[in-house]
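Read the structure below first, then the notes.
The shown structure was predicted, so the numbers you read here are calculated from the model rather than taken from an experiment. Protein chains get the first letters and strands the later ones, always in sequence-line order, with residue 1 at the start of each.
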Protein chains: 2
Amino acid sequence: MTDRAAPKRDYEGELKRAGIRLTRPRKVIVGILQATDDHPDALEIFRRAAAIDPSISLSTVYRTMKVLEGLGAIHRHAFEGGPSRFEGAGGEHHDHLIDLDTGDVIEFQSDKIEDLQNEIARRLGYDVVHHRLELYGRKRRKA
Amino acid sequence: MTDRAAPKRDYEGELKRAGIRLTRPRKVIVGILQATDDHPDALEIFRRAAAIDPSISLSTVYRTMKVLEGLGAIHRHAFEGGPSRFEGAGGEHHDHLIDLDTGDVIEFQSDKIEDLQNEIARRLGYDVVHHRLELYGRKRRKA
DNA sequence: TTCAGTGCAAAGCGTTTGCATTGAA
DNA sequence: TTCAATGCAAACGCTTTGCACTGAA
């Protein structure tokens, strides 16, 4: 189990390589993704984008996230209740611990849990395609 | 790790004990919950209820699910994409394996994974309030 | 008798989409 | 020059809510 640092992604290169036009809105949006280590939702990305270029629309944010998701460049997370939140797909796989009081998202990774998941699925006659593991918790206070 | 059989719940008794009126729509709805072992969504519960009493409204289904959830009598699951699905809260805690091809939900339980989750959270300075573990997979074909 | 619970229709929220226009290639 | 991508507004799917009525206690 380890905490991780966020790696950077070459979103523009990935879009180009996929034959997808590098428009002004998309440049702004991927710039925002590169500049963040958190897990913003579409509206938050839209706000940050609008601060740079007020002509960008929320639809375009949604459409761009869909494109990037299709390329595997970002991951979409649907945490409890709220809207989808996005994060760059760089780095190793990890799961999330969500702070119930602040909404903060902490990433962690556990090979042991992954192994156990695969073992359980196998026993049930399945192959795991993907999974979702989210811990919802509160900061432990010193005794 | 074990597969489980679904236990039965005394929803009517729980509502009564909580001082909540046992109306006709609610009787129909909890009857449906008692009669099923699957994980129906609100619309599906509504359809089954309407077959028994066509005057029941979808709003009442939602409101009743909210009440039962508040009592801890049912659990609400938000699996990928789709609407919330409900299940009786009887029996031990378990997690879910969702068949990507059929939508079937298979329940499983792993103390080892639970322990690991708590250990990870503790290391990160958190107490786990609850968690969500979902495996999405496909039936393994015999080699 | 009373007020919690209901059905209905309308609104809410996050997200997607149809369409005429624009701008990257 | 062309057609993918855009902004806008309207629609979507799921869920909640305001309201006047109803029926469980």
note: A/I56, atom CD1; C/dT22, atom C1'; distance rounded to Å ~ 15 Å
Determine, step by step, whether B/E44 and B/R47 satisfy the salt bridge (charged side-chain N to carboxylate O under 4.0 Å, His left out) criterion, reporting the C-alpha distance in whole Å, the side-chain angles of both residues, the deciding distance to 0.1 Å, and the verdict. CA-CA 5 Å; B/E44 175 59 27; B/R47 280 197 211 98; 2.9 Å; yes
d(CZ, B/R26; P, C/dG5) in whole Å: 4 Å
Take the protein atom CG of B/L58 and the nucleotide atom C1' of C/dA10, then report the distance between them rounded to whole Å. 14 Å
Could you tell me how the ring of B/H77 sits relative to the ring of B/H75: parallel (under 30°), tilted (30 to 60°) or perpendicular (over 60°)? tilted
Would you mind reading off the distance between B/I20 atom CD1 and C/dG5 atom C1', rounded to a whole angstrom? 11 Å
Please report the shortest heavy-atom distance between A/L71 and A/E14, naming the atom on each side. CD1-O, 4.1 Å
Rounded to 10 degrees, the angle between the two terminal axes of the helix from C/dT1-D/dA25 to C/dA25-D/dT1, each from five pairs: 30°
Please determine whether side-chain contact (heavy atoms from CB on, under 4.5 Å) holds for the pair A/K139 and A/D101, giving the CA-CA distance in whole Å, both sets of side-chain angles, and the decisive distance to 0.1 Å. CA-CA 8 Å; A/K139 226 164 208 150; A/D101 297 313; 5.8 Å; no
Heavy atoms of chain B, cut-off under 4.0 Å: which first and last nucleotide of DNA chain D, 5' to 3', fall inside that, if you could look? D/dC14 to D/dA25
Position toward the 5' end of DNA chain D (nearest nucleotide), B/F86 or B/K27: B/F86
Hey, any chance A/L124 and A/I113 share a hydrophobic cluster, counting ILVMFWY side chains that come within less than 4.5 Å of each other, even indirectly? yes
Does B/Y126 use its side chain to pair, donor to acceptor, with the backbone of A/L135 at less than 3.5 Å? no
Establish, from distance only, whether the side-chain atoms of A/H93 and A/H131 form a donor-acceptor pair under 3.5 Å. yes
With a 3.5 Å distance limit and no angle check, can you tell me whether B/R76 reaches the backbone of B/S84 through a side-chain donor-acceptor pair? no
Would you check if the side chain of B/D53 reaches a backbone N or O of B/A49 as a donor-acceptor pair within less than 3.5 Å? no
More 5' along DNA chain D: A/V61 or B/L22, using each one's nearest nucleotide? A/V61
Does the pair A/K16 and A/D10 meet the rule for a salt bridge (charged side-chain N to carboxylate O under 4.0 Å, His left out), with working shown? CA-CA 10 Å; A/K16 269 222 164 86; A/D10 175 26; over 6 Å; no
Regarding A/S59, tell me which of base, sugar-phosphate or nothing describes its non-hydrogen contacts under 4.0 Å with the strands shown. base
Proximal nucleotide (of C/dA4, C/dT6, C/dT15) relative to the A/A42 side chain: C/dT15
Rounded to whole Å, CG of A/L15 lies from P of C/dA24 at a distance of 14 Å
Of the residues in residues 63-81 of chain A, which ones touch DNA chain D at a heavy-atom distance under 4.0 Å? A/R63
Please report the shortest heavy-atom distance between A/L100 and B/H130, naming the atom on each side. CD2-CE1, 4.5 Å
